[in-house]
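Here's the structure we're looking at; comments come further down.
Order of the sequence lines fixes the chain letters, A, B, ..., with proteins taken first and strands second; residue numbering starts at 1 for each chain. Below, each value reflects all heavy atoms present in this structure, side chains not excepted, and no hydrogens, waters or symmetry copies.
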Amino acid sequence: MSGPTTRPTTRSGTRPTGKATAGPATTSAKRSTQVSTTVSTTKPIKGEPYEPSPRRIGEWLGDRDYQRYLVREATSLLLGLYALWLLVGLLALAIGPAAFELWRAAHHSPWSYLAHLLAFAAALYHAVTWIRLLPLTMPPLFGGRLDDVGWRRLAWILSGVSSVALLLYLTWA
Amino acid sequence: MSMQRSNEPPLWLLFSAGGTLAALIAPALILYTGWVVPLAERRGVELLDYESLHALLQSGVGAAAIVVLITLLLLHSAHRGYHLLHDLGIDAGPRARRGCYAAAAAGGIAATLAVVVL
């Protein structure tokens, strides 16, 4: 199941874990062996700045997991464009009602609906993968408090509650 | 011999904060501002109109929230964008790296100025 994959974050992160959560010692040991196989060429020496190993152009072409990782990275670009669009709206608001109405009116264009749909899809993909990977990305400080399924469940609840609270606030504020 | 300190940890921290914020609220927010608000307006329901947003952003919490949201999302995107170049095999160099973060910071400053002017 885990196979010879070199990226522990993709496979083991997405599997619903029955066995993996049996004990923190086993998971961390498993993880460290996987990591050691990947970075053995760039041995980090204490005190030296971390230099990621260079990648060849097109290296991603034959690697499914790597492609998925790149898609996940690319979602941030749409998030950035959305933030820029919010910034434009905020600047329009600061300029005055006429400018703000122009920004508002732009949302009725079919291109705007399409762009927001793409941004929504990217944000959703980011959110779902973020939650699936949470047990791996969680700072060690909070490590043993919950198992993998517990962390994911907590993140789903937190995401749902904060989204609903935000929308209610924006609608009735 | 003094060792040069890396500026990576705070940048990764900001990146991670932006990613967390995006994971928690971005899908709902995008759907709301991009679809719900304009569709509601077509049916005569005004959401997020000038007066209410103006009032919302004149409260300290509202102003801080929008500045933090925009800044963190921009920093998240700039950081990922730069690393995406590396992962695609493109060596963009330190100047491009600084440019990415500077552009995001400029966006954050613009957002701050906007809420100060309001």
**Trace of the side-chain contact (heavy atoms from CB on, under 4.5 Å) decision for A/L84 with B/L73** = CA-CA 9 Å; A/L84 266 185; B/L73 283 185; over 6 Å; no
**Message:** Could you go through A/E73 and B/D87, starting from their C-alpha distance and side-chain angles, then the distance that decides it, and tell me whether this counts as side-chain contact (heavy atoms from CB on, under 4.5 Å)?
**Reply:** CA-CA 10 Å; A/E73 272 194 319; B/D87 292 339; 2.9 Å; yes
**Request:** Report the C-alpha distance between A/T171 and B/V36 in whole Å, list the side-chain angles of each, state the deciding distance to 0.1 Å, and finish with yes or no for side-chain contact (heavy atoms from CB on, under 4.5 Å).
**Result:** CA-CA 10 Å; A/T171 306; B/V36 175; over 6 Å; no
**Prompt:** side-chain contact (heavy atoms from CB on, under 4.5 Å) between B/L29 and A/L170: does it pass, once the steps are laid out?
**Reply:** CA-CA 10 Å; B/L29 188 65; A/L170 286 178; 3.7 Å; yes
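Interface remark: A/A122 contributes no atoms to any contact with chain B (heavy atom separation under 4.5 Å). Of the two parts of A/F120, the backbone and the side chain both hold a non-hydrogen atom closer than 4.5 Å to a non-hydrogen atom of chain B. Interface remark: A/L117 contributes backbone and side-chain atoms alike to the contact with chain B (heavy atom separation under 4.5 Å). Looking at B/L113, neither its backbone nor its side chain comes within 4.5 Å of chain A, counting heavy atoms on both sides. Contacts between A/L70 and chain B at a heavy-atom distance below 4.5 Å involve backbone atoms as well as side-chain atoms. For chain A, the nearby parts of B/L48 are the backbone and the side chain; heavy atoms of each come within less than 4.5 Å. B/I66 touches chain A through its side chain: at least one heavy atom from C-beta onward sits under 4.5 Å away, while N, CA, C and O do not.
Comparing B/V116, B/L72, B/D49, B/T71 by heavy-atom pairs within less than 4.5 Å of chain A, the highest count is held by B/D49. Of the listed residues B/A104, B/P38, B/S52, B/A114, the one with more heavy-atom pairs under 4.5 angstrom with chain A than any other is B/P38. Of the residues considered (B/P27, B/G19, B/A28), B/P27 shows the highest number of contacts with chain A, using heavy-atom pairs under 4.5 Å. The most heavy-atom pairs under 4.5 Å with chain B, out of A/A74, A/A92, A/G96, come from A/G96. Here B/L74 is the residue among B/I90, B/V117, B/L74, B/L69 with the most heavy-atom pairs under 4.5 Å with chain A. For chain A, the option among B/V67, B/L39, B/L75 with the highest count of heavy-atom pairs below 4.5 Å is B/L39. If you tally non-hydrogen atom pairs under 4.5 Å between each of A/S112, A/A155, A/A127 and chain B, the highest count goes to A/A127. Across A/A165, A/A105, A/A115, A/P97, the residue that shares the most heavy-atom pairs under 4.5 angstrom with chain B is A/P97.
Residues B/F15 and A/L133 are members of separate hydrophobic clusters, defined by side-chain heavy-atom contacts under 4.5 angstrom among Ile, Leu, Val, Met, Phe, Trp and Tyr. Two different hydrophobic clusters hold A/V164 and A/L158 under the rule that ILVMFWY side chains link at heavy-atom gaps under 4.5 Å. Criterion: ILVMFWY side-chain heavy atoms under 4.5 Å apart, direct or through other members. Under it, A/L91 and A/L102 are not part of a common hydrophobic cluster. Both A/Y82 and A/F100 belong to a common hydrophobic cluster when Ile, Leu, Val, Met, Phe, Trp and Tyr are linked at side-chain heavy-atom distances under 4.5 angstrom. If you chain together hydrophobic residues whose side chains sit under 4.5 Å apart, A/L81 and A/L86 fall into the same group.
Looking at A/L166 and B/Y32, their side chains never come closer than 4.5 Å, going by heavy atoms from C-beta outward. Contact check for B/T33 versus A/H116: side-chain heavy atoms found under the 4.5 Å cut-off.
Counting all heavy atoms, side chain and backbone alike, B/L24 lies closest to A/S163 at O-OG, 2.8 Å. When all heavy atoms are compared, the tightest approach of A/A94 to B/L118 is CA-CD2, 3.9 Å.
Using modelled atom types, no side-chain atom of A/R104 and backbone atom of B/Y50 make a donor-acceptor pair closer than 3.5 Å. Listed for the B/W35 side chain is a donor-acceptor partner under 3.5 Å among the backbone atoms of A/Y113.
Judged as a ring pair (Phe, Tyr, Trp, His ring centres under 6.0 Å), and not counting sequence neighbours, A/Y169 has no contacts.
The side chain to side chain contact (heavy atoms under 4.5 Å, CB included) with B/S77 is formed by just one residue from the set A/L77, A/L78, A/L79; it is A/L77.
Distance check: A/W85 CH2 to B/I30 CD1 gives 13.5 Å after rounding to the nearest 0.5 Å. Interatomic distance, CG of B/L57 versus CG of A/L90, reported as 6.0 Å (0.5 Å rounding).
Using a 3.5 Å distance cut-off with no hydrogens or angles, the side chains of A/H107 and B/E41 do not pair a donor with an acceptor.
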